[in-house]
> 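Structure incoming, see below.
Protein chains get the first letters and strands the later ones, always in sequence-line order, with residue 1 at the start of each.
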2 protein chains.
Amino acid sequence: MPDSAIRPRKEFGKTIAADITHRLREEIIACALPPGEPLRFDVLRERFGASFTTLREALTALAAEGLVDAQEQRGFRVAPVSRQDLIEITDARVLVEVELIRRSIQRGDDDWEIAVISTLHRLKRIEQRDPEHPLRDPEWKIAHRQFHQALVSACGTATLLAIRAELFDRAERYRHLSANFRPRPRDKAGEHQAIMQAAISRNADLAVQLIETHIRSTADNVATYAAHLLDTE
Amino acid sequence: MPDSAIRPRKEFGKTIAADITHRLREEIIACALPPGEPLRFDVLRERFGASFTTLREALTALAAEGLVDAQEQRGFRVAPVSRQDLIEITDARVLVEVELIRRSIQRGDDDWEIAVISTLHRLKRIEQRDPEHPLRDPEWKIAHRQFHQALVSACGTATLLAIRAELFDRAERYRHLSANFRPRPRDKAGEHQAIMQAAISRNADLAVQLIETHIRSTADNVATYAAHLLDTE
DNA sequence: TCAACCCATATTTTCGAAAATCATACCGTT
DNA sequence: AACGGTATGATTTTCGAAAATATGGGTTGA
């Protein structure tokens with residue numbers, strides 16, 4: 001079946017709807033679709049080559065994830081940003097991530113340690129190779145995400161992991177929001193290294209403290225350098 | 001415009017999709033649609049009088065909430081239940097609810113106290129009036145939900161409240177699952193009273209401890225009396 | 001001048017037919 | 001009998017037209 005010739009665009013997921021959900025999510029997180037932007041069906045239809053209903057399904061899913069704002073009978077728009085929302089996401093992330101790190105440190109086996117070490121290694125390699133602004137490098141983004149994912153991967157609870165993933169996405173959108181205005185990234189490499197060491201040495205209290213600082217200082221940075229985007233809404 | 005004559009069914013939400021999402025959610029939580037049940041479009045179409053795409057949108061939303069399981073290209077089914085899932089939901093609820101109770105106790109004003117007291121009062125009235133099995137009484141269900149909602153309503157973070165609401169729904173489904181097999185409800189009235197008093201007297205540590213016990217003992221009850229439904233899956 | 005109303009247009013929302021995909025039973029071959 | 005492939009029916013998934021609803025502008029009347 002030469003289906004790739006007939007329908008070339010179905011990279012992620014088996015259905016078109018799942019595929020578009022994925023692509024839209026990426027664009028919203030990257031702020032290629034800026035916060036508050038109206039999502040009109042005519043435009044999306046042309047952009048993604050899908051029908052009304054398929055797009056509607058994707059937007060509904062993203063609305064449940066908090067990346068899209070559904071206004072009944074008045075369409076959809078990219079979820080707006082606000083200082084309050086950033087604070088709430090940050091607090092929620094700390095609450096969940098701290099719990100998951102503790103569980104992972106308690107339950108993690110050899111494979112977990114290897115995953116943590118190797119994902120950090122890859123992250124550092126990318127940072128060395130290309131000292132540019134990390135958030136503009138798609139590879140860095142993926143590696144960064146995978147390192148943090150690895151840290152909590154041994155927690156043993158899919159429910160909290162799913163919640164964590166949602167919050168991570170929403171937070172990453174804010175990081176992108178400020179990426180264009182942040183003068184130079186702070187020393188994340190050192191922080192990641194310290195977190196890895198605390199985790200591998202099973203020092204849960206230290207790891208938790210480092211993670212909380214990591215999350216909160218990132219959010220503070222965003223709040224500082226994207227201030228002009230957060231208050232005028 | 002006599003729209004009620006033309007389209008009588010749009011009780012919750014402005015759009016049909018939102019309405020059906022709501023109705024389906026209720027039925028799944030109440031186990032009127034049992035766990036694992038395939039959700040075929042033909043059947044749903046007749047049951048809810050909506051078209052394929054509208055139903056699809058509703059199911060997609062519920063899948064994001066964890067009440068429906070979407071199997072790509074193979075349709076939807078009511079999310080299955082399992083002992084592990086119950087444990088995870090319970091742990092997640094404790095984590096979130098404890099945080100929200102603390103915040104509410106710290107921030108709650110007079111209106112919050114009034115809401116807590118009055119929702120508990122209504123709950124007790126319903127329990128006195130009708131000593132039957134509470135979970136079979138829709139009024140009790142609503143009052144119970146509203147009491148717990150009131151307790152955390154002053155927390156000041158919509159993000160965590162939304163997560164809490166999702167987890168509450170998923171847990172309530174498990175309560176319904178065991179309701180038909182539980183011989184007699186334990187003394188919830190006393191527990192609720194104690195929680196209310198701890199909250200109003202701003203004794204956060206006690207309130208947190210009571211809530212955790214409340215949530216966990218309910219889950220234990222479910223695990224005991226619905227054991228035959230949790231292991232054979 | 002201003003508000004209220006109605007109309008025209010833009011946009012969303014819903015529908016059922018049509019296409020794509022999956023599941024099953026059947027058949028032929030080994 | 002076991003296996004692999006294929007046709008068939010059942011089901012999901014997608015599409016674009018049509019209905020429903022919102023938006024904006026212009027007119028009227030006070």
> For B:Arg74 and A:Lys14, run side-chain contact (heavy atoms from CB on, under 4.5 Å): C-alpha distance rounded to whole Å, both residues' side-chain angles, the deciding distance at 0.1 Å, then the answer.
CA-CA 10 Å; B:Arg74 299 200 295 138; A:Lys14 287 185 178 177; over 6 Å; no

> May I have the distance from B:Ile20 (atom CD1) to C:dC15 (atom C1'), rounded to whole angstrom?
12 Å

> Salt bridge between B:Arg47 and B:Asp42, side-chain N to carboxylate O under 4.0 Å?
no

> Are side-chain N/O atoms of B:Tyr174 and B:Asp85 paired as donor and acceptor at under 3.5 Å?
yes

> Within this structure, what is the CD1-to-C1' distance between B:Ile16 and D:dA18, rounded to whole angstrom?
14 Å

> Collect all protein-nucleotide pairs involving nucleotides 7-12 of chain C in which both atoms are nitrogen or oxygen and the distance is under 3.5 Å.
from	atom 1	to	atom 2	distance (Å)
C:dT12	OP2	A:Phe41	N	3.1

> Let me check something: any side-chain donor-acceptor pairs from residues 110-117 of chain B under 3.5 Å, sequence neighbours excluded? List them with distances.
from	atom 1	to	atom 2	distance (Å)
B:Trp112	NE1	B:Ala150	O	3.0
B:Trp112	NE1	B:Leu151	O	3.1
B:Glu113	OE2	B:Arg202	NH2	2.7

> Return the set of residues passing ring-ring contact (aromatic ring centres under 6.0 Å, His included) with A:His192 (not counting sequence neighbours), or none when no residue passes.
A:His144, A:Phe147, A:His148, A:His214

> Taking CG from B:Leu55 and C1' from C:dG16, how many angstroms apart are they, rounded to a whole number?
13 Å

> Mind calculating the distance between CD (A:Glu57) and P (C:dT13) to the nearest angstrom?
15 Å

> Does C:dG16 have its OP1 or OP2 closer than 4.0 Å to a side-chain nitrogen or oxygen of B:Arg45?
yes

> Classify the side-chain pair A:Thr60/B:Glu57 by whether it contains a donor and acceptor separated by less than 3.5 Å.
yes

> Check this one for me: any side-chain N or O of A:Thr53 less than 4.0 Å away from OP1 or OP2 of D:dG16?
no

> Report the distance from atom CG of A:Leu44 to atom C1' of D:dG16, rounded to the nearest whole Å.
16 Å

> Between D:dT14, D:dC15, D:dA22, spot the one nearest the side chain of B:Lys14, thanks.
D:dA22

